[in-house]
Amino acid sequence: MNAEIFEALAQLEKERGIPQAYMLEKITQALVAAYKKDKDGYTDNVFVDLGEGTMRMYVQKEVVDDVFTPATEIALDAARKIDPHAQLGDLVNVDVETKSFGRIAAQTAKQVIIQGIREAERGMIFDSFSSKEHEILTGTVLRVEPQSGDAIIRIGSGSDRTDALLSGSEQVRGERVTEGEIIRVYVVEVRRSSRGPQVIVSRTHPGLVKRLFELNVPEIESGLVEVKSIAREAGSRTKLAVHPTQPGVDAVGACVGTRGGRVSAVVDELRGEKMDIVVWSEDPAAFVASALSPADVISVTPIPGAKACRVIVPDDQLSLAIGKEGQNARLAARLTGYKIDIKPESQAADLEPIPEAAPEELEEPETEAAEITEEIPEAEAGGTEAPAVETEEESEESVEDAE
């Protein structure tokens, strides 16, 4: 019997990765629980001895003349059958025959062992997927809830496999998820729960865009190009600010690729979402001007004492700078962290002058891409009286224009 147990534990460790030491501890707990069930409660004097490939269970009893408590005492004659040298007051280890356990006790032991296996597997899955937070995984859609739209995604493989939740709020509006479909998802968080690890994934998180560019742009993966910040309206448009870490590296060109091949791969994965790739700068004025691409900018004037600026654009570029329903200006504000007040050139002469700020008052843009890993408050953009209408020039703007 002992040999069979250890062989089973070795097989369990090989197939599921559950350590033998962990399972031996659970089996010990199961045997003690079974004894308690069979002997009506008292287990303080019960222990399991693990030898080299052997497992034996004992109950320790005191040698006495008259036995009043059979659970803890043994008569001298009976004790000497176990240990011929036993004397009154000695403690002897009485072998427990586990085969004699009743049906209920055996079921208790079985439940403890099964629960131990489940806890071990859940712990291993949690540890495995915790290390994959903020990474991209490929999964298969198992089912979609018809009312909420929440989807259950099977991610991982073999024993390192679990089901993740892609809630309706984390799906791109207009993007239909169907059962059996294979999709890429971004791991937002791994939580512990009573039913095991709960993996939360997303298709709308800005981090998904960052990881897709890392997969398709070797310069980002190697560190030659750094993604400084991302502003995204999932399913519609994303602005990406990049910066070369070495002189002579074309950060935007590296992300676009030959004939737009690299950025097209990202766009295809995101099912047509437009991409604006701009150059990050330490100079707030230069960064804001770049962020308003594809619109041309005449001037950017930071407002002292506030993380805001006034932008002057040509009259014919005003609606392009604002974007459809203010989207271009809104994303530029999120990307830079600045409140942007856009004015047409024809009104520039009538505007109240902005006092010149001392050099120490100018705020530099954030160097960390905060929105890549966490949600930041939506910055305001506006200050123009022109209607935010879509122009023909803007509607034709696409990923290929980044080239």
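FYI, side chains are in, hydrogens and waters are out, and symmetry mates aren't considered; it's all heavy atoms of this structure. Quick note: residue numbers are just sequence positions, from 1.
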Please answer whether the main-chain N or O of L335 pairs with a side-chain N or O of S229 as donor and acceptor at a distance below 3.5 Å. yes

Working to the nearest 0.5 Å, report the span between CD1 of I152 and CD of E179. 11.0 Å

Taking the side chain from E189 and the backbone from I200, do they hold a donor-acceptor pair closer than 3.5 Å? no

Test item: K61 and T72 side chains (from C-beta on) under 4.5 Å apart, heavy atoms: no

Under the 3.5 angstrom rule, does the side chain of D90 hit a backbone N or O of V63 as a donor-acceptor pair? no

pair L165-Q198: side-chain heavy atoms closer than 4.5 Å: yes

Name the one of R237, R203, R232 that satisfies salt bridge (Lys or Arg N to Asp or Glu O under 4.0 Å) with E273? R232

Paired with Q171, the side-chain contact (heavy atoms from CB on, under 4.5 Å) test is passed by just one of I183, V185, T204, L166, namely L166

For residues F129 and P197, determine if any side-chain heavy atom of one lies less than 4.5 Å from a side-chain heavy atom of the other. no

Any chance you could measure K210, atom NZ, to L215, atom CG, to the nearest 0.5 Å? 10.5 Å

Could you tell me whether the side chain of E145 and the main chain of D150 form a donor-acceptor pair under 3.5 Å? no

Take K339 and R310 through the test side-chain contact (heavy atoms from CB on, under 4.5 Å) and record every step on the way to the result. CA-CA 9 Å; K339 180 178 179 179; R310 178 187 290 168; over 6 Å; no

Please name the pair of heavy atoms, one in T178 and one in V141, separated by the smallest distance, quoted to 0.1 Å. O-CB, 3.3 Å

Before you tell me yes or no, could you show the steps for S202 and L208 under side-chain contact (heavy atoms from CB on, under 4.5 Å), namely the whole-Å CA-CA distance, both residues' side-chain angles and the distance that decides it to 0.1 Å? CA-CA 8 Å; S202 173; L208 177 63; over 6 Å; no

Walk me through it: do N216 and E269 pass the test side-chain contact (heavy atoms from CB on, under 4.5 Å)? CA-CA 11 Å; N216 290 279; E269 176 62 36; over 6 Å; no

Check: V190 main-chain N/O paired with E133 side-chain donor or acceptor under 3.5 Å: yes

Regarding D276 and S293, is there a side-chain donor-to-acceptor distance under 3.5 Å anywhere? no

Give the intermediate values and the outcome of side-chain contact (heavy atoms from CB on, under 4.5 Å) for residues R262 and E219. CA-CA 11 Å; R262 291 175 176 176; E219 289 84 352; 2.8 Å; yes

Restricting to non-hydrogen atoms, name the atom on P294 and the atom on N328 that form the minimum distance, rounded to 0.1 Å. CD-OD1, 4.0 Å

Tightest non-hydrogen contact, residues V225 and A254, listed as CG2-CB, 4.3 Å

Output, in order, the C-alpha distance, side-chain angles, deciding distance and verdict of salt bridge (charged side-chain N to carboxylate O under 4.0 Å, His left out) for R334 and E233. CA-CA 11 Å; R334 291 183 189 173; E233 291 188 358; 3.8 Å; yes

Where do I340 and V311 come nearest, in terms of heavy atoms and distance? CG2-CG2, 3.6 Å

If you take all heavy atoms of L224 and V249, which pair is closest and at what distance? O-CG1, 4.2 Å

Hey, could you give me the NZ/CD1 distance between K343 and I298, rounded to the nearest 0.5 Å? 14.5 Å

Return the minimal non-hydrogen interatomic distance between W280 and A241, and the atom names on each side. CB-CB, 4.1 Å

Any side-chain heavy-atom pair from I74 and I82 closer than 4.5 angstrom? yes

H134 and Y186 aromatic ring geometry - parallel, tilted or perpendicular at 30°/60° bounds: tilted

Is the number of heavy atoms from other residues, nucleotides or ligands under 6.0 Å of R271 CZ greater than 12? yes

Are D341 and I303 packed together at the side-chain level, in the sense that at least one heavy-atom pair is separated by less than 4.5 angstrom? no

Side-chain heavy-atom pair K132, I155 within 4.5 angstrom cut-off: no

Please indicate whether K81 has more than 12 foreign heavy atoms, meaning atoms of other residues, nucleotides or ligands, lying under 6.0 Å from its NZ. no

Supply the atom-to-atom distance S290 OG to K239 NZ, rounded to the nearest 0.5 angstrom. 8.5 Å

At what distance, to the nearest 0.5 angstrom, does OG of S236 lie from NZ of K324? 8.0 Å

Straight-line distance of L292 CG to L331 CG, nearest 0.5 Å: 10.5 Å

